[in-house]
Structure formats: C-alpha cells, structure tokens
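A short worksheet on the structure shown next.
Proteins get letters first, then strands, A, B, ... in listed order; numbering begins at 1 in each. Since we're looking at a predicted model, the values are computed, not measured. Below, all heavy atoms of this structure are taken into account, side chains as well, without hydrogens, waters or symmetry copies.
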2 protein chains.
Amino acid sequence: METKAKLLLAEDDENLGIAKGFDTDLFGDGELAYTGFKKNEYNICVLDIMMPKKDGISLARDIRLINQNVPIIFLSAKNLKEDVLEGFRTGADDYITKPFSMEELIFRIEAILRRTTQEANSTGGEQNVFKLGRFTFDPRKQILTNEEKDEQVKLTTKESELLRLLCNNANKVLERNFALKTIWIDDNYFNARSMDVYITKLRKHLKEETSVEIINVHGKGYKLIV
Amino acid sequence: METKAKLLLAEDDENLGIAKGFDTDLFGDGELAYTGFKKNEYNICVLDIMMPKKDGISLARDIRLINQNVPIIFLSAKNLKEDVLEGFRTGADDYITKPFSMEELIFRIEAILRRTTQEANSTGGEQNVFKLGRFTFDPRKQILTNEEKDEQVKLTTKESELLRLLCNNANKVLERNFALKTIWIDDNYFNARSMDVYITKLRKHLKEETSVEIINVHGKGYKLIV
DNA sequence: AACCTGTGTTAAATTGTGTTAAGTAGCGAT
DNA sequence: ATCGCTACTTAACACAATTTAACACAGGTT
C-alpha cells in the first residue's frame with residue numbers, strides 16, 4: 001500500500017514492541033515523548049497514562065496545543081469512569097485499559113489510521129509523485145528531478161499543472177478543451193496557443209528520456225506516453 | 001454548528017437512549033436493522049453483538065457488502081480476546097464491552113465522527129502552534145523555533161501575520177489580494193510590493209528546512225508547501 | 001494539387017516577482 | 001531634544017512567467 005505509518009509510543013514499564021507494521025519511536029517518559037513529538041511528524045500517538053515526569057493526559061494536552069489533529073490513543077491500567085472520560089475530553093481517539101492483547105491494540109491503531117489516512121488521500125486527492133522514466137515529478141513542489149544526473153528543475157505553475165494533468169491521464173488522450181478549462185479556465189484561441197507553447201516547454205524538459213513522450217492526437221489533444 | 005449525525009442503533013435488551021446529540025434510529029433485532037440500513041443513509045452504526053434473528057457480527061458483514069465505509073462500533077457483554085479480534089476483522093472502528101457508561105459511548109462515537117466528517121477539521125478553530133518541518137511557529141508569541149538547533153527567532157508583526165495566513169492555508173494558494181486586504185487593509189501597488197519583501201524575509205527564515213517552501217503561483221498568490 | 005485547419009517552435013511584448021538597499025517613521029533610552 | 005534601534009515602506013534593478021505574434025510545417029479534405 002504505502003509507507004509505514006509513523007507511531008509515537010510513550011510508555012515506561014514494558015516494551016510493547018509494536019514493530020510489526022509501524023515505524024515506531026519509543027519514549028520512556030512524558031517529557032522525552034514531548035521533545036520527540038516536536039522533532040518529528042507522527043501519524044498517531046499511543047500514550048500510557050502512568051509515566052514518569054509527565055503523565056499521558058498532560059502530554060496529550062501539550063500535543064494538542066501544537067497539533068489538534070494527530071490521533072491519540074491512551075493506555076491505562078485503570079478502568080475508572082472518570083479517567084476514561086477525562087481521556088476523551090482531551091481529544092483522544094481511543095482509550096484502552098490493560099490488560100489487552102497486542103493484536104487488539106494493532107487493530108485499534110489500524111482502525112483509526114484507516115480513517116485518517118483516507119482523509120489525507122481525499123484532501124490530496126491524487127498521487128504525490130509520478131515516475132517518468134529517469135524522471136520523477138512532484139506536482140506539489142513543482143519539481144522535476146532527473147534521477148540519473150541528480151538534477152532538479154523547478155517547473156512554473158502552468159508547466160506543473162499541465163504535466164500533472166498529463167500524468168493523471170498517462171497513456172490516454174488528454175483533451176485540449178478539458179486541459180484549457182482546467183488550467184486556463186477559458187478555452188479561447190489565445191489560451192489554446194499558450195498551451196501549445198507549454199507543451200513545447202514540457203517536451204524540452206523531458207527530451208533526455210526517450211521512453212517518455214508527449215504526442216499530439218490531431219484535433220483531440222495530447223497523450224503522454226510512458 | 002452542523003446537522004445532527006444520523007446513527008443506527010441495533011440493540012435489543014435495554015434502550016440506551018442515545019438521544020442527546022444524534023439523530024438515532026433504534027432497531028430491536030439484526031434483521032430490522034439491516035432493512036433500516038438499506039432504507040437510509042447513516043453516518044455511523046452501533047451494533048450489539050448479541051441480538052435476536054441476526055447477530056451483530058453477521059449484520060456488520062452484510063452492511064460491509066453494501067457500504068465499506070460507514071463506521072461501525074460493536075457493543076458486547078463478552079470481553080473474550082477472539083470475539084474482539086473477530087469484530088475488528090469485519091472492519092469495526094471500535095469494540096466496547098459492557099458495562100460502559102453512556103458518556104463513554106458518546107465520546108467514542110464522537111471521536112470517530114470527528115475523523116469521518118472532514119468539515120469539522122478544516123473549518124475548525126485556528127491552531128495555536130504550527131509545525132513546519134524542523135520549525136515550530138507560535139503566532140501568538142510571534143516566535144519561530146528551530147527545534148534542532150534550539151534557536152528562536154522573534155518575528156515582526158507583519159512577518160508573523162503573513163506566516164500565520166500561509167500556515168492556515170498550507171498547501172493551498174493564499175491569494176495575494178486576500179492577504180493584502182487582511183494584513184495591509186488596502187491592496188494597492190505599494191503594499192503588494194511590501195508583501196513581496198516579506199515573502200523574501202520569510203523564505204530566509206525558513207531556508208534551512210528544505211521540506212518547507214513558499215512557492216509563487218503566478219498572478220494568484222503564494223502557496224506554503226509542507 | 002489546392003485548400004483549410006491544426007500544430008511546433010521561436011521570439012518579442014507584457015506583466016508579475018525576487019532581492020537588495022535606501023528611506024521614513026515611531027519609540028524608548030540617554 | 002537627539003540618538004539609536006526597529007519595523008516597515010519605497011525605490012531600483014534584474015529576471016521570470018505568461019501571453020501574443022510570427023512563421024513554418026503537418027494532416028486531413030475536396
């Protein structure tokens with residue numbers, strides 16, 4: 001599917017060792033965990049309530065000051081109603097009481113990630129990076145990288161938008177009118193000629209890779225061959 | 001805020017009466033619940049495992065045949081490891097064992113809905129602190145911190161306001177006119193040039209973090225890439 | 001072949017940005 | 001009051017991004 005989710009585990013007594021499907025950073029107390037949180041980007045945090053220096057609840061509050069969005073799961077030995085509610089009030093996504101099986105914890109983490117990574121997809125919507133032979137194209141950063149020469153070219157906004165459309169329709173015809181209405185809003189004569197100019201620019205950028213080509217489909221549009 | 005979430009509750013022994021914040025439909029057995037599910041659109045389903053006619057697990061499987069996405073919470077009297085795992089395997093989002101408090105159930109429902117209704121996140125209040133790669137930015141204090149070097153830079157008012165706007169629109173285009181009218185009130189030529197100068201200043205401040213970039217969108221504005 | 005329309009490419013023209021440095025105004029300290 | 005500092009604005013210059021123009025050629029039609 002994708003790269004491993006980055007997991008912050010704040011826990012002191014026993015190593016849960018969630019190695020299986022996650023890229024886990026273990027911190028032995030609340031302060032270490034807080035420092036670690038600030039230095040990295042995590043997809044999810046699993047916090048033990050009982051910890052030295054800073055307990056899980058206060059840690060969660062500090063994390064929430066920085067980031068309202070990252071999922072938080074509490075682990076606790078206590079099953080007291082008020083503790084559980086307090087956990088959720090700080091914005092927790094789950095609260096698991098010991099003892100629990102490792103499999104259950106993993107399922108619960110995955111259940112949450114399923115919801116949060118989907119949002120990342122729906123927001124971003126599309127692919128992050130495209131591979132075009134020896135080139136990789138990052139439409140977010142508008143950068144085209146020649147992996148062999150280790151050269152990077154910054155693309156302009158229009159170049160990048162057009163190449164992104166072509167990549168999304170790789171090996172299919174990208175219709176002129178569609179591209180014009182998407183990128184230029186209006187599909188009049190001058191914008192159409194402008195687009196021709198940008199096709200030329202893209203061809204120049206990609207000319208080193210013979211396996212990649214932007215071909216014209218007469219009267220229809222363009223097709224990116226990979 | 002928004003409209004009440006539509007909740008399907010499949011439960012037989014006692015009426016949980018989740019009326020508070022939800023638009024709840026109660027069904028007394030699994031078959032009724034299944035019929036009800038097909039007739040309506042629900043935001044979330046809460047299913048008791050032990051039910052007449054069709055148990056919660058089979059009901060969940062049937063629901064998943066129709067809809068892979070709707071969140072499902074199981075309620076169960078049993079806390080057997082295998083039952084819990086079986087619940088998650090059918091794609092559950094949570095599995096709550098009795099006895100539990102009504103408040104906890106509501107918190108757990110809300111925790112899931114928070115993730116599935118995207119609007120809550122994007123519309124939600126402003127952040128106190130932003131993470132920008134190795135930097136954290138506190139718009140209240142107007143301080144930009146390099147967490148690795150442990151260096152702090154005081155930002156000026158304009159620098160801070162502009163960076164805050166960019167952060168609020170991270171990975172989206174921040175339109176020039178919008179920023180000008182927000183920060184400079186008037187969007188005349190000179191203020192526009194002034195803004196350019198501040199973009200340069202911010203870029204200098206952030207130049208150590210290559211994963212963060214302020215790129216120009218010609219004729220539109222700027223985009224903060226994180 | 002003669003024609004029309006669509007495309008490829010280059011270059012000029014126009015408008016938008018990036019950056020540095022000089023200018024101005026406000027403010028607290030001396 | 002004046003000095004020194006800071007935030008901010010204005011000016012100046014260089015250059016980038018996009019559009020428009022110009023000309024050559026390609027593809028399909030009659």
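- Both B:Val217 and A:His218 lie close to DNA chain D; mapped to their nearest nucleotides by heavy-atom distance, the more 5′-ward contact belongs to B:Val217.
- Distances shorter than 4.0 Å separate some side-chain N or O of B:Arg203 from OP1 or OP2 on C:dT19.
- The residues A:Arg89 and A:Glu86 are annotated as salt-bridged, a charged nitrogen and a carboxylate oxygen being separated by less than 4.0 angstrom.
- Nearest-nucleotide assignment on DNA chain C puts the 5′-proximal partner with A:Ile199, out of A:Ile199 and B:Gly219.
- With DNA chain D read from its 5' end, the first of the two nearest nucleotides for B:Leu155 and B:Asn188 is the one closest to B:Leu155.
- Regarding B:Trp184, its CH2 atom lies at a distance of 14 Å from the C1' atom of D:dT10, rounded to whole Å.
- For A:Glu159 and D:dT18, the CD to C1' distance is 10 Å, given to the nearest whole Å.
- The CG-C1' distance, from B:Asp187 to C:dG16, rounds to 15 Å in whole Å.
- Atom C1' of nucleotide C:dG16 and atom OH of B:Tyr189 are separated by 10 Å, given to the nearest angstrom.
- Dashed line: the shortest gap from a side-chain N or O of A:Tyr222 to OP1 or OP2 of C:dG8 is under 4.0 Å.
- With respect to the salt-bridge test (charged N to carboxylate O, under 4.0 angstrom), the residues A:Lys204 and A:Glu159 do not qualify.
- One finds no side-chain N or O of A:Thr200 lying less than 4.0 angstrom from the OP1 or OP2 phosphate oxygen of C:dT10.
- The NZ-P distance, from A:Lys223 to C:dT7, rounds to 15 Å in whole Å.
- Side-chain N/O atoms of B:Arg193 and base N/O atoms of C:dG16 include no donor-acceptor pair closer than 3.5 Å.
- An OP1 or OP2 oxygen of D:dC8 is reached within less than 4.0 angstrom by no side-chain nitrogen or oxygen of B:Ser194.
- Closest approach to the A:Asp196 side chain among D:dA7, C:dT20, C:dG8 is made by C:dG8 (side chain taken as heavy atoms from C-beta onward).
- Rounded to an integer number of Å, the gap from CG of A:Asn177 to C1' of C:dG6 is 13 Å.
- The separation between B:Phe190 atom CZ and D:dT9 atom P is 12 Å, rounded to whole Å.
- Checked for salt-bridge contact, A:Asp25 and A:Lys6 meet the test: a charged N lies under 4.0 Å from a carboxylate O.
- A heavy-atom distance below 4.5 Å is found between the side chains of A:Ile183 and A:Leu165.
- Rounded to an integer number of Å, the gap from B:Leu180 CG to C:dG16 P is 13 Å.
- For A:Thr156 and D:dT18, the shortest distance from a side-chain N or O to OP1 or OP2 is below 4.0 Å.
- Residue B:Lys204 is classed as a sugar-phosphate contact, given heavy-atom separations below 4.0 Å to backbone atoms only.
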Trace of the salt bridge (Lys or Arg N to Asp or Glu O under 4.0 Å) decision for B:Arg134 with B:Glu147: CA-CA 6 Å; B:Arg134 76 189 66 185; B:Glu147 300 284 353; over 6 Å; no
